[in-house]
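Each residue takes its place number in the sequence, starting with 1. All values reported here derive from a predicted model rather than from experimental measurement.
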Amino acid sequence: MNAVLDITELDRHFGIPGVARVSEGNGGLSRVNITNPVAHGEIYMHGAHVTSWRPAGGEEVFFLSTESRWEQGQAIRGGVPICFPWFRGKAHDARAPAHGFARTRVWQLESISETGAGVTVSMFIESDAQTQRWWPGEFRLVHRATFGSDLRLELVCTNAGKTPFRFEEALHAYNRVAEVSDVRVQGLDGGRFLDNMDSNKEKVQFGDVTVTRQTDIAFMGTTASVDLVDPKMRRRIRLQKKNSSTTVVWNPWQEGASKLRDLGEGEWKQFLCVESSNIIGNAVTLAPGQEHTMSAVLSMEEL
């Protein structure tokens, strides 16, 4: 069955007329487009990757690179990539894909439904010979994205095997900003973080987080909500999370961006990643049959 027919069949089976449509996106990849009275959104089956969310009356919340590669085996640069089952590079295996394999897999569409909160799209992947080449865990991973006046994301991992496993996870949100050096992140004052740009030394945050250089910091043991305040765009993006004990703040700055071939010239100024996650010492251990759900709720308000 060719790709166009696949998309047609998916839309016939899962689509909701006038609300949610399965269509061909960039690079011929399958996506779900959502339009309802409170929001517009888009999620690709490639990586179960949210690439757009725009609340009614508001501007686009996510950054998306003009140089992003829309092809099998490559991660989409921008939106909300899913990092699983490891974060950054895989320990003791330089050949393994950065941030795990979930963001470059084609996920299966499980359901599309209308709820009181908006339109929920559910996708999943399961362990197979390809995933076990990199990581031995037997798992089922579900991503549920609800597009409404808020964006609600749930990442649900189930241990489907007979042995425990340990994993890292992140919803790597690229928040679009007017100018990264002008924004601030509130809610992390007094938090302890590991600075990946300084040999992961532990440091303490004083006041709001601002970005004036290459930044890759992980706040450990933090479950609080955070606000990304952008005075030039005159908006505040709030991140509320559950079952997430790490908050990562990342921007590559000019020197890091120069090494990213899928990022357009100067585009590093247009985003700041603020990520719900469980990484390093906050990685999750699951016994056979156990399930873990990490959730993130993004909301936007004008200043």
Check the hydrophobic clustering (I, L, V, M, F, W, Y; side-chain heavy atoms under 4.5 Å; chains of links allowed) and say if [X] and [Y] are grouped together.
X	Y	value
L260	F63	yes
V142	Y44	no
V297	L153	no

Discussion item. Before you tell me yes or no, could you show the steps for L303 and V229 under side chain to side chain contact (heavy atoms under 4.5 Å, CB included), namely the whole-Å CA-CA distance, both residues' side-chain angles and the distance that decides it to 0.1 Å?
Written reply: CA-CA 9 Å; L303 295 177; V229 179; 3.8 Å; yes
Worksheet item: So F167 and F84, ring-ring contact (aromatic ring centres under 6.0 Å, His included) or not? Walk me through it.
Response: CA-CA 7 Å; F167 65 92; F84 175 92; 5.3 Å; yes
Item to complete: Pick out which of T223, T222, T247 makes a side-chain hydrogen bond (donor to acceptor under 3.5 Å, both in side chains) with K241.
Response: T247
Worksheet item: Between R31, H49, R54, which is the residue that forms a side-chain hydrogen bond (donor to acceptor under 3.5 Å, both in side chains) with E42?
Response: R31
Discussion item. Rounded at 0.5 Å granularity, tell me how far CG in L272 sits from CD in E179.
Written reply: 11.5 Å
Fill in: Distance, nearest 0.5 Å, that separates OG of S23 from CG of D11
8.0 Å
Worksheet item: Should R236 and E302 be marked as a side chain to side chain contact (heavy atoms under 4.5 Å, CB included) after you check the CA-CA gap, both sets of side-chain angles, and the distance that decides it?
Response: CA-CA 6 Å; R236 177 195 314 271; E302 295 181 358; over 6 Å; no
Practice prompt. With sequence neighbours left out, write down each residue that passes side-chain hydrogen bond (donor to acceptor under 3.5 Å, both in side chains) with S113, or none if nothing qualifies.
Written response: none
Item to complete: Take V180 and V177 through the side chain to side chain contact (heavy atoms under 4.5 Å, CB included) test and state the conclusion after the steps.
Response: CA-CA 6 Å; V180 69; V177 300; 4.2 Å; yes
How are the rings of [X] and [Y] set relative to one another: parallel (under 30°), tilted (30 to 60°) or perpendicular (over 60°)?
X	Y	result
F219	F193	tilted
F101	W135	tilted
F87	H99	tilted
W250	Y174	perpendicular

Discussion item. If you apply the rule salt bridge (charged side-chain N to carboxylate O under 4.0 Å, His left out), what do you find for K203 with D198, and how did you get there?
Written reply: CA-CA 10 Å; K203 302 178 181 180; D198 189 13; 3.0 Å; yes
Worksheet item: Could you walk me through whether R105 and D128 pass the salt bridge (charged side-chain N to carboxylate O under 4.0 Å, His left out) check?
Response: CA-CA 11 Å; R105 296 274 293 184; D128 57 20; 2.5 Å; yes
Worksheet item: Can D262 and R69 be said to form a salt bridge (charged side-chain N to carboxylate O under 4.0 Å, His left out), step by step?
Response: CA-CA 6 Å; D262 57 351; R69 301 174 192 167; 5.1 Å; no
Worksheet item: Do S68 side-chain atoms and R77 backbone N/O form a donor-acceptor pair below 3.5 Å?
Response: yes
Item to complete: Test side chain to side chain contact (heavy atoms under 4.5 Å, CB included) on T35 and F147 and set out the steps.
Response: CA-CA 9 Å; T35 302; F147 297 84; over 6 Å; no
Worksheet item: With a 4.0 Å cut-off, would you call D195 and K201 a salt bridge?
Response: no
Worksheet item: Does a salt bridge link D230 with R184, judged by any charged N lying under 4.0 Å from a carboxylate O?
Response: no
Worksheet item: Does E168 reach the side chain of W86, with side-chain heavy atoms less than 4.5 Å apart?
Response: yes
Worksheet item: Q108: what forms a side-chain contact (heavy atoms from CB on, under 4.5 Å) with it, not counting sequence neighbours?
Response: F124
